[in-house]
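When a ligand or atom number is given, it counts from 1 through the structure's own listing order.
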Amino acid sequence: MPDPRYARVVPDRSGQSAFDYEIPEHLLGKIWIGSRVRVPVRTRLLLATVVEVMETSEVEGLKPISEALSDKPLINPTLIQLGNWIASYYCCASHIALRAILPQVVRNSEVKAKQLLFARLDKKPDAEAFEQLARRAPKQAGVIDFLLGLSEPIALTDLMKECGVTRNTLEGMRDRGLIAIERQTVQRDPYSEENFIHAPQLEMNAEQVAAYERISAAVRSPELNRPILLHGVTGSGKTELYLRAIDLTLSLGKTAIVLVPEISLTPQTVERFKSRFANLQGEVAVLHSHLSDGERHDEWHKINNRVAKIVIGARSAVFAPLERLGLIVVDEEHENSYKQEDAPRYSARDVAVYRAHMENCAILLGSATPSMESYHNAMTGKYELLRLLCRVDDRQMPRIRIIDLRMEASRGPGASILSETLCKAIRERLEKKEQSILFLNRRGFSTSLICSSCGHVCECPNCSVALTFHRAASRIVCHICGHTAVVPSKCPACRDPRIKYSGAGTEKVEELAAAFFPGAVVKRLDADTVTRKDALKDALYAFRTGKIDILVGTQMIAKGLHFPNVTLVGIVNADMSLHLPDFRAGERTFQLLTQVAGRAGRGEVSGEVFVQTYTPFHPAIQFARHHDFPGFYEQELEFRRKTNFPPFSHMVLITLRSESESHAAFSADTLTRRVREALESGDLPADTVISNPAPAPIEKSHGQYRFHLMLRTARITRLSKSLFAILEKLTFPEEVIVTVDVDAFQLL
Ligand SMILES: [Zn+2]
Ligand SMILES: [Zn+2]
């Protein structure tokens, strides 16, 4: 193809979609799809991405592109295409979709590659000169001697240390032509401190062998195969299958992406992958939110420069610019955290499925508790379903016991938090030197402060939620906006000093456990205790090596962790997620119970799980108790079918928020009216169901009032497109913010 003469670009900051420009003479051959450029927009120069190139243009007198940021495109055409799909599916502007694809640190080119000074020997000194130097300046001769023994340049600082010389000395040597000093780019490796030892393949059982046969067929000829849903119970060895599938992918000369939920991206997970591929250390890139900007920059370029062959990461790793992609693995595919909560509000799992389709590569979705959406896709034949029903080494599934808190709560102080039955079981574990985990998905000491006299609840001034008491910090804290205040000594409303602390958080459970089991080592693991970078790693290590008897924690300890000596898991309150105003409440509770229970009995001794609840007969709890996923799926699906909720429809949640309650309410009404008109005039898919606009379950957040409007349809792409057009034309009061969430997960 001859060099293109025109380019369509999407500026980084712009409400509008795309503009055409001429490619000036001096940039011919340097601008392609995915190039980063600077273009004139009115009186300013804006950074932009080229999304299309043309040989001709119908438009006369187009302005020329001002500058190309590099000779080569920064984004490959497939990813640009993926960006287009995201914009149309998730109802957002193109530049917003592109923002997800090209990370901030790369886009703005503010973060640069890290360069250090390196020294090397220019030429071998002749023997006579060297002897002279050795007499006159023995230290300098030592430097030369040292460099002679190296095959590669050495960092200047290292050389100074090794030879006990100063920078001045080395610079002097350079000036006299004895050594050369030059800048070199170095890789900021977040795992440079660690030493990964190669871990061999594990034996597979018959089930794993059968599943691997199907997976390898898909990796070898993806065009003949559907996406695979791997439904394997906790501890059934899914990771071993991922690792082997990656091995096979690499042996075919292709690359692989592994997505794991941020919360599961624990040191344990990274170590498992890094160790298996220890022989290709530099070819494994890791992307997650704890990287520094510099590390993120380097990991991204390591992928873009085709050095990395395997990318392990959270959500955004789905956009890793790998070439010759052969496999995408989405572990824990049901996880909420795959959904981005800011624009573009994409689901990394669904983007992964689409990218695999575009790039004709294999895709493997794995979970012990698949989402209703994916399982439904498997049942209807869109995906292939593979099952692993046994744990590796035939370990027993943990036995799950339900504790009815209605019977236990009256037995004494603290019994509604840690029941007698649960305490007795923990005591037995302590005697046998086995470990226990107590799980509660709520931080803090007590979840609300209520006045005994007038019933006043201390609420956040910015959000419509109660403030949580954190005892270690001795503050009351809002878990939505982070607002904190001193703990009141009297009721702020009636001045009565009798304030009651109610509702338990992890801090309270930790305190009770310490009081009930003196002599046991109790440790808490949640966002309040894990503040340092290595705190999580240290705590998990201490637990694994038996230095902790009872681990109390939030979802941080719920997933993907493997502790052979844990034989008891206590779920302190199973009801917490059950009564949220969310059609997925049952599904989430089932998933959480199953995942947390899966932490028990991963070693020689079988495990036991205690589930404390006030609603022991709820189906989500009963099905989880019997490890009956198909049973749960059947009855939950029936409910979704009757009510026409996903997976039988796609849901679009529109949120309108403003500091002014009336502006938000008025805007919600206006939008609803406009959407209803569009439905009547045939601009929306005919099956669209439009709810009445209503205050969100959390009515106020960060000082803004929030209203929801919910739409459902089976024809989501068409609805997104129409909705985008409607919103483009409507004007709202300036401070009203409207967000559109397609396939929404967060309904509060
Ligand atoms: Zn009061
Ligand atoms: Zn707040």
With a cut-off of 2.8 Å, does any N, O or S atom of C478 fall short of it relative to the Zn ion (ligand 2)?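 An N, O or S atom of C478 is closer than 2.8 Å to the Zn ion (ligand 2), so yes.
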Let me check your reading of the structure: within less than 2.8 Å of the Zn ion (ligand 2), is there an N/O/S atom from C463?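 Of the N, O and S atoms in C463, at least one lies under 2.8 Å from the Zn ion (ligand 2), which means yes.
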Flag yes if more than 12 heavy atoms outside E735 fall under 6.0 Å of its CD atom; otherwise flag no.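 Result for CD/E735: enclosed.
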Report, as yes or no, whether the 6.0 Å neighbourhood of atom NZ on K523 holds more than 12 heavy atoms from other residues, nucleotides or ligands.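 Counting other residues, nucleotides and ligands, NZ of K523 stays at 12 neighbours or fewer.
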Can you tell me the angle formed at the Zn ion (ligand 1) by SG of C454 and SG of C491, to 10°?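 It rounds to 110°.
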At the Zn ion (ligand 1): angle between C451 atom SG and C494 atom SG, to 10 degrees: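 C451 SG and C494 SG form an angle of 110° at the Zn ion (ligand 1).
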Do NZ/NE/NH1/NH2 and the carboxylate oxygens of R315 and E335 come within less than 4.0 Å?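 Between E335 and R315 there is no salt bridge, as every charged N stays at least 4.0 Å from the carboxylate O atoms.
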Applying the side chain to side chain donor-acceptor pair (under 3.5 Å) test to R657, which of H663, H708, Q704 qualifies?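 Single side chain to side chain donor-acceptor pair (under 3.5 Å) partner of R657 among H663, H708, Q704: Q704.
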About how large, to 10 degrees, is the angle SG of C481, then the Zn ion (ligand 2), then SG of C460?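 Rounding to the nearest 10 degrees gives 100°.
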Is the Zn ion (ligand 1) less than 2.8 Å from at least one N/O/S atom of H456?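 H456 does not place any N, O or S atom closer than 2.8 Å to the Zn ion (ligand 1).
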Do R599's NZ or CZ and the ring of F563 fall within the cation-pi criteria of under 6.0 Å and 45°?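 No cation-pi geometry.
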